[in-house]
Amino acid sequence: MSAVSGTYHPPVLRNQPILALAGNPNTGKSTLFNALTGLRQHTGNWPGKTVLQARGSLVHDGRKYIVVDLPGTYSPLANSAEEEVARDFICFAKPDVTVVVVDATCLERNLSLVLQVMEITEKVVVCVNLIDEARRRGIRIDIRRLSQKLGLPVVATAARTGEGLGQLLDEAVGVIRGTLKPKPNRTIYHKKIEEAVSSLEPEVRACLNGELDSRWVALRLLEGDASIVEFLKRLSSEAMHPLESTVIGYQRCVDSLMKQANKLSGHGQNEVRDSIVQTIYEAAERIARGVISREVEQKTDWDRKIDNILTSPVWGFPIMFGLLAGVFWITLTGANYPSAVLADGLFRVEARLTDLFTALNAPEWLHGFLVLGVYRCAAWVVAVMLPPMAIFFPLFTLLEDAGYLPRVAFNLDGFFKRAGAHGKQALTMSMGFGCNAAGVLSCRIIESPRERLIATLTNVFVPCNGRFPALIALATIFAGGAVTISLSGIVATLTVSGLVVFGIAVTLFASWLLSRTLLQGIPSSFVLELPPYRRPQVGQVIVRSLLDRTIFVLGRAVIIAAPAGGLIWVLANTAVGDVTILSVLAGQLDPLGRNMGLDGFILLAFILGLPANEIVLPVLIMSYLSGSALTEPGSIASLRQLLVEQQGWTWLTALCTMLFMLCHWPCGTALYTIRREQNSWRWTLLAALIPAAVGVLVCLSVNYAVRGLGLV
Amino acid sequence: MAGLVTLNAVPVGSSALVTKISAAGMTRRRLLDLGLVPGTRVEVVRRSLLGDPVAYNIRGALVALRKEQSSQVVVSNGE
């Protein structure tokens with residue numbers, strides 16, 4: 001077994017060979033991963049910028065291989081969380097082949113990573129991806145020459161069309177089986193550095209016992225890479241050296257190496273580092289120049305033209321809002337009809353189930369618990385959630401795929417900086433639109449602990465996929481009631497978009513407040529890449545977002561909704577004296593709820609919805625229905641009837657419910673993730689209390705303001 | 001006339017040659033890893049809506065830096 005470290009836990013079973021994918025961000029690495037593994041992947045995480053690696057498998061010539069998609073990095077040193085995961089994997093898990101994916105349209109920049117990875121391991125295959133895009137731009141790359149210059153197998157591919165994938169696999173499998181032995185032409189550094197390396201390397205080799213490449217380790221020691229020392233010490237304390245005496249000997253070895261390295265580079269570690277990086281970039285430049293030819297002089301730079309509009313001082317914000325509103329408008333107009341059909345079908349099934357229970361002479365409580373409780377709650381979740389999710393996720397993924405999110409981060413960064421927050425928080429916030437737990441997890445990309453905490457604590461203020469459908473449903477019901485039918489879609493759209501903008505404003509305000517009170521400090525360094533726009537792969541986006549997001553989120557919601565539905569039925573049908581437990585609980589919460597513009601049942605639904613926000617609205621409907629004559633609810637229209645006519649909701653009730661939906665405690669999964677990531681109960685508690693306090697305050701003020709002004 | 005300035009002082013639309021990185025530690029490594037080594041030509045592409053960050057063309061990639069970082073890149077101005 002290989003030694004393990006840091007955030008990565010390598011597979012324990014190594015009966016299948018491992019193919020690792022490394023590369024700069026935005027090289028189409030994930031597309032390649034999807035193309036190679038098809039649907040044989042088990043990614044718990046979301047597509048996009050997470051620091052976890054995705055894993056899948058592929059079968060080639062009757063043999064199975066594990067494929068690991070490492071986070072996108074610029075260098076294999078541990079400067080950031082992403083890089084640490086990638087480096088640890090290559091160094092410790094020792095993949096049988098590492099495929100470095102490079103962008104054919106930006107070869108020079110990408111080659112520096114290839115040059116660095118091939119210093120760690122010889123088992124490298126270079127994949128020049130996006131070759132179709134390069135062709136379109138009139139860029140020709142001499143693949144054979146590139147292969148000669150690097151001393152590595154090189155394959156040109158276009159992952160989205162599948163071009164070159166067969167050959168890529170052949171070469172990678174060749175390296176795995178040992179029939180193909182790459183002989184990397186390693187970069188030669190400045191004379192003084194080379195002299196120091198050769199005097200240090202023999203001892204490094206003796207120390208390492210063949211575990212890592214000695215030249216690479218010697219170079220890292222010379223430039224004073226603190227993480228490599230950590231690394232070596234960790235090696236010594238783990239599986240490799242089981243005998244205590246060896247460990248002591250090993251640590252002594254590391255100490256003496258460090259001393260020697262310090263002597264060799266003197267106080268000039270920075271200079272050593274500079275010189276190494278400069279040499280690498282010069283080499284990359286030289287190699288790139290030798291293999292690239294441009295057919296035509298650069299044509300119109302479309303990316304710049306698009307950026308001129310999307311990040312323009314005049315149009316940047318209106319377009320951002322417009323795109324957001326457009327996505328919501330399509331979602332809520334598109335979801336109406338399928339929602340009604342689904343509800344209709346699912347409740348017809350409920351009637352059949354009731355018939356079945358009657359025919360079997362089943363006891364009343366069993367029918368109540370299973371059909372009116374468990375089934376009905378699960379059916380509500382599906383009817384309310386599925387259509388908006390199936391429309392919203394693919395649309396959002398298309399924007400993500402096209403490269404728009406980094407532009408949003410670019411536009412908004414000024415605000416985040418003023419709020420004392422990290423620039424990457426715009427990205428972790430965007431991840432929160434998918435799922436707040438994923439958003440919290442993605443906060444790992446922020447290196448500074450202070451700013452990571454700010455991003456973590458405020459992530460809940462953007463509505464996740466579990467909350468969007470409820471917001472959309474409520475907005476449709478009430479905006480629809482307020483104006484004529486033709487305008488209702490637009491009003492509902494503007495309501496939801498307005499709520500999102502409000503959520504972003506609260507995020508910024510809360511970040512500002514935190515960075516001036518609990519978490520004081522100055523913003524740390526920030527670099528944001530604005531990748532070229534790419535035509536999104538519509539088909540793949542739809543399939544992936546349906547599988548990864550819709551099914552996943554819906555499945556989780558149904559699993560949690562089913563027992564919750566049963567619980568509510570029990571609460572609604574167990575009486576203490578002559579009132580049900582449900583009414584007692586709702587009655588207790590009613591005074592606070594009324595002051596916040598809500599009622600006791602709504603607050604109770606939010607509390608019962610702690611495991612997953614998806615179930616808040618269904619739970620509310622269930623508890624309303626339990627004391628009502630209406631037993632067959634169906635579409636949005638009957639939902640309107642239930643809320644407005646039977647429960648006396650006004651637009652203010654809906655507004656306060658939506659605001660509290662936006663600002664309250666994170667769901668159980670998100671809280672669990674915060675606890676795990678921060679390893680602190682105190683911050684986990686604050687992560688729940690801060691948004692809850694904000695929500696209560698916002699609802700109280702809105703309720704009193706609206707009533708005070710006599711608007712309701 | 002070529003003078004030494006920091007990258008944040010270079011106006012949008014013009015370009016400059018990197019002379020040295022004055023940052024230390026992690027920031028230094030980050031900037032170097034972006035390819036900001038001495039001799040690299042950097043083009044100032046655009047300012048964001050609020051004036052900061054600014055997007056630069058570094059070795060064919062578009063990268064946005066805040067003023068805190070770009071002020072630690074010393075460049076020689078002028079063609």
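Proteins get letters first, then strands, A, B, ... in listed order; numbering begins at 1 in each. Only this structure's heavy atoms are used, side chains among them; waters, hydrogens and symmetry mates stay out.
- A/Asp307 touches chain B through backbone and side chain together, each having a heavy atom under 4.5 Å away.
- With salt bridges taken as basic N to acidic carboxylate O contacts below 4.0 Å, none links B/Arg47 and B/Asp52.
- For B/Ser22 (side chain) and B/Gln72 (main-chain N/O), a donor-acceptor pair under 3.5 Å exists by modelled atom type.
- Heavy-atom pairs under 4.5 Å with chain B were tallied for A/Glu285, A/Gln116, A/Arg407, A/Gln278; the largest tally goes to A/Gln278.
- Per-residue counts of heavy-atom pairs under 4.5 Å with chain A were compared for B/Thr40, B/Leu34, B/Leu65; the largest is that of B/Leu34.
- Residue A/Asn308 touches chain B through both its backbone and its side chain, counting heavy-atom pairs closer than 4.5 Å.
- Counting heavy-atom pairs closer than 4.5 Å to chain A, the top-ranked of the candidates B/Leu49, B/Ile58, B/Leu32 is B/Leu49.
- Not one N or O on the side chain of A/Arg294 forms a donor-acceptor pair closer than 3.5 Å with the backbone of A/Ile139.
- For A/Arg418, the part sitting under 4.5 Å from any heavy atom of chain B is the side chain, from C-beta outward, and nothing else.
- The contact between B/Val63 and chain A is made by backbone and side chain atoms together, counting heavy-atom distances below 4.5 Å.
- Heavy atoms only, all atoms of each residue included: B/Ser70 and B/Tyr56 are closest at CB-OH, 3.5 Å.
- Within 6.0 Å of atom CZ in A/Phe509, 12 or fewer heavy atoms from other residues, nucleotides or ligands are found, so the atom counts as exposed in its surroundings.
- Heavy atoms closer than 4.5 Å to chain B are found nowhere in A/Glu282, neither backbone nor side chain.
- For a residue to count as touching a neighbouring chain, one of its non-hydrogen atoms must lie under 4.5 Å from one of that chain's; by this rule A/Thr311 touches chain B with backbone and side chain alike.
- By number of non-hydrogen pairs under 4.5 angstrom with chain B, the leading residue of A/Asn411, A/Leu113, A/Leu412 is A/Asn411.
- Contact of A/Glu108 with chain B is made through the side chain alone, with heavy-atom distances under 4.5 Å.
- Per-residue counts of heavy-atom pairs under 4.5 Å with chain A were compared for B/Pro53, B/Ala61, B/Gly60, B/Gly51; the largest is that of B/Pro53.
- Contacts of B/Val18 with chain A are absent, with no heavy-atom separation under 4.5 Å from either backbone or side chain.
- Judged by the 6.0 Å and 45° rule, A/Arg286 forms no cation-pi pair with A/Tyr281.
- Heavy-atom distances place the backbone of A/Ser312, and not its side chain, under 4.5 Å from chain B.
- In this structure, B/Thr27 contributes its side chain and B/Ala23 its backbone to no donor-acceptor pair below 3.5 Å.
- Residues A/Arg273 and B/Asp33 are paired through a salt bridge, judged by an N-O separation under 4.0 Å between the basic side chain and the carboxylate.
- If you measure heavy-atom distances from B/Arg28 to chain A, the contacts under 4.5 Å come from the side chain alone.
- For B/Ile21, no part lies near chain A; criterion is any non-hydrogen pair under 4.5 Å.
- A salt bridge links A/Glu529 and A/Arg109; the closest N-O separation between the charged side-chain nitrogens and carboxylate oxygens is under 4.0 Å.
- Salt bridge A/Glu451/A/Lys424: absent, no basic N to carboxylate O contact under 4.0 Å.
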